[in-house]
There are 2 protein chains.
Amino acid sequence: MQNASVFKVFFMSKAKKRSDCPVSCSLDIWGDKWSLLIIRDLMFAKECTYGDFLKSAEGIATNILAARLLVLEENKIIEKLAHPDSKAKVLYKLTRKGIDLLPVMIEINLWAEKYFSIPEDRKALLKEVKKDKAGFIKATTKELES
Amino acid sequence: MQNASVFKVFFMSKAKKRSDCPVSCSLDIWGDKWSLLIIRDLMFAKECTYGDFLKSAEGIATNILAARLLVLEENKIIEKLAHPDSKAKVLYKLTRKGIDLLPVMIEINLWAEKYFSIPEDRKALLKEVKKDKAGFIKATTKELES
DNA sequence: GTACTTACTTGCAAAATGCAAGTGTTTTTA
DNA sequence: TAAAAACACTTGCATTTTGCAAGTAAGTAC
């Protein structure tokens, strides 16, 4: 199914684009309750296995996870890597396109910090972010890039 | 139904919170394909009527629009105002909490600009943003605040 | 070789979405 | 001033997506 490239081109990658608006185009890819949590996990952990995502606090269902990972991969936000220790495991990591969502992720965190009570460790991280946002983004981007 | 305050407190405002993560909390409110488009419209237009939202390029259904507006209002992202010209019309506008999503909105636009082809007029606006991001946010925030 | 881990897939019920057609006020028009 | 139009929604119903539980197939550990 994944290798049936003709079908893939026509049906899978060709998601319906609602408009040319950049916000709309973005939401077409990751505008749901789970995708940004997957991306968050990868930003914190750099690399995750399928099982790692399932362990996250929010409790994503296995079928939803598989579906989201596929869409994110099709849209080149994440990529699959062979796990060095085992052929049974798969490593997921952010592409440059995915890493470039870091500023979005940071601003979401800063907004939420202002209006919700958030965990202390996250607060500490955001304190670092606020000290030098550009520096934080640059350093983290470098670290996430292989 | 909207005035049955006991029910409202128990069932409507008490949306299920999946975790304490700021990203998760944010997505619980506006993590869908439509909410950020409503917020986008309000950031561009400052105030919108119900009909204005329906006119947007993406074509939101009337029932979905009503549902999203209610959630955004319950979560104090937007507020309803009486229209100065007519009792038949309702004006929606962003609260401070909603206006504070401007940095998120900007970063989404900048990300999308890098990876999609976007309309020229939006490109021009983003050029302004990049010239002085903090200044743009400050000025726009001031303008959106009544 | 048997049991376990890992990354998924499948089936089905429940919820959300989308479409078309109302409904009840206000406002405009004749 | 009565009828038509505008406006902000609701409602009913079909389709799609989500969520849960239970598989399955390949790889690993003992």
Side-chain angles (χ1 to χ4, degrees), chain A residues 1-4 11-12 15-19 24 27-38 41-42 47-74 78-93, chain B residues 1-4 11-12 15-19 24 27-38 41-42 47-74 78-93:
Chain A
M1 174 78 92
Q2 274 205 52
N3 294 326
F11 295 115
M12 304 179 78
K16 58 283 159 193
K17 192 178 179 179
R18 294 175 294 171
S19 81
S24 168
L27 295 177
D28 285 341
I29 298 177
W30 47 259
D32 67 275
K33 294 227 179 301
W34 296 108
S35 296
L36 279 179
L37 298 182
I38 292 171
D41 287 349
L42 288 170
E47 288 171 342
C48 295
T49 63
Y50 193 87
D52 290 335
F53 294 119
L54 291 177
K55 278 175 219 146
S56 289
E58 293 82 11
I60 190 170
T62 60
N63 54 341
I64 307 295
L65 176 57
R68 291 294 158 274
L69 287 173
L70 185 59
V71 171
L72 291 174
E73 196 192 350
E74 282 173 0
I78 64 175
E79 60 186 336
K80 275 172 152 183
L81 256 62
H83 195 290
D85 299 352
S86 159
K87 267 196 225 171
K89 293 185 185 175
V90 178
L91 277 182
Y92 288 94
K93 70 173 302 196
Chain B
M1 175 76 93
Q2 273 207 53
N3 294 326
F11 295 115
M12 304 179 76
K16 58 284 158 191
K17 192 179 179 179
R18 293 174 296 171
S19 82
S24 168
L27 295 178
D28 285 341
I29 298 177
W30 47 260
D32 68 274
K33 293 225 179 301
W34 296 107
S35 297
L36 279 180
L37 298 182
I38 292 171
D41 286 349
L42 288 170
E47 288 170 343
C48 295
T49 64
Y50 193 87
D52 289 335
F53 293 119
L54 291 177
K55 277 175 219 146
S56 289
E58 293 82 11
I60 189 170
T62 60
N63 54 341
I64 307 294
L65 176 57
R68 291 293 157 274
L69 287 172
L70 186 58
V71 171
L72 291 175
E73 196 191 350
E74 282 173 1
I78 64 173
E79 61 186 338
K80 274 172 151 182
L81 256 62
H83 196 289
D85 299 352
S86 159
K87 267 195 227 172
K89 292 185 187 177
V90 178
L91 277 182
Y92 289 93
K93 71 173 301 196

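B/K16 has its NZ atom 12 Å from the P atom of D/dC20, to the nearest Å. Between the C1' atom of C/dA16 and the NZ atom of B/K33 lies a distance of 13 Å, rounded to the nearest Å. For B/L70 and C/dA16, the CG to P distance is 13 Å, given to the nearest whole Å. Taking atom CG of B/D28 as the reference point, atom P of C/dA15 lies 17 Å away to the nearest angstrom. With rounding to whole Å, B/L91 atom CG is found 12 Å from D/dC7 atom P. The CZ atom of B/R68 sits 19 Å away from the P atom of D/dA8 (whole-angstrom rounding). In this structure, B/N63 places its CG atom 20 Å from P of D/dC7, rounding to the nearest Å. What separates CG of B/L65 from P of C/dA16 is a distance of 17 Å, to the nearest Å.
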Could you give the side-chain donor-acceptor pairs of residues 50-64 of chain A under 3.5 Å, partners two or more places apart or in another chain?
{"from": "A/Y50", "atom 1": "OH", "to": "A/T62", "atom 2": "O", "distance (Å)": "2.6"}
{"from": "A/D52", "atom 1": "OD1", "to": "A/K55", "atom 2": "NZ", "distance (Å)": "3.3"}
{"from": "A/D52", "atom 1": "OD2", "to": "A/T49", "atom 2": "N", "distance (Å)": "2.9"}
{"from": "A/D52", "atom 1": "OD2", "to": "A/T49", "atom 2": "OG1", "distance (Å)": "3.2"}
{"from": "A/S56", "atom 1": "OG", "to": "A/D41", "atom 2": "OD1", "distance (Å)": "3.4"}
{"from": "A/S56", "atom 1": "OG", "to": "A/D41", "atom 2": "OD2", "distance (Å)": "2.6"}
{"from": "A/E58", "atom 1": "OE1", "to": "A/R40", "atom 2": "NH2", "distance (Å)": "3.0"}
{"from": "A/E58", "atom 1": "OE2", "to": "A/R40", "atom 2": "NH1", "distance (Å)": "2.8"}
{"from": "A/E58", "atom 1": "OE2", "to": "B/S19", "atom 2": "OG", "distance (Å)": "2.7"}

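Using a cutoff of 4.0 Å between basic side-chain nitrogens and carboxylate oxygens, A/R18 and A/D28 are scored as salt-bridged.
Here B/Y92 does not reach the OP1 or OP2 of D/dC7: none of its side-chain N or O atoms lies under 4.0 Å away. Applying the 4.0 Å criterion to OP1 and OP2 of C/dC8, one finds that A/K80 has a side-chain N or O inside that range. Taking 4.0 angstrom as the limit, B/W34 places none of its side-chain polar atoms (N or O) nearer than this to OP1 or OP2 of C/dA16.
Across all their heavy atoms, B/L27 and A/K33 have their closest contact at O-NZ, 2.9 Å. Taking all atoms of both residues into account, the shortest heavy-atom contact from B/D32 to B/I29 is OD1-O, 4.5 Å. Closest approach of B/Y92 and B/L42 over heavy atoms only: O-CD2, 3.2 Å. Between A/P84 and A/L91 the shortest heavy-atom distance is CD-CD1, 3.9 Å.
Near-neighbour residues of DNA chain C inside residues 47-59 of chain B, defined by a heavy atom below 4.0 Å, are absent.
Taking CD of A/E74 as the reference point, atom CG of A/L70 lies at 4.0 Å (rounded to 0.5 Å). The structure places NE2 of A/H83 at 8.0 Å from CD of A/E47, a figure rounded to the nearest 0.5 Å.
Taking only side-chain atoms of A/I64, from C-beta outward, the nucleotide of D/dG19, C/dT17, D/dC9 with the closest atom is D/dG19.
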I'd like a list of close polar pairs between nucleotides 27-30 of chain D and the protein, N/O only, cut-off under 3.5 Å.
{"from": "D/dG27", "atom 1": "O3'", "to": "A/A88", "atom 2": "N", "distance (Å)": "3.2"}
{"from": "D/dT28", "atom 1": "OP1", "to": "A/K87", "atom 2": "N", "distance (Å)": "2.5"}

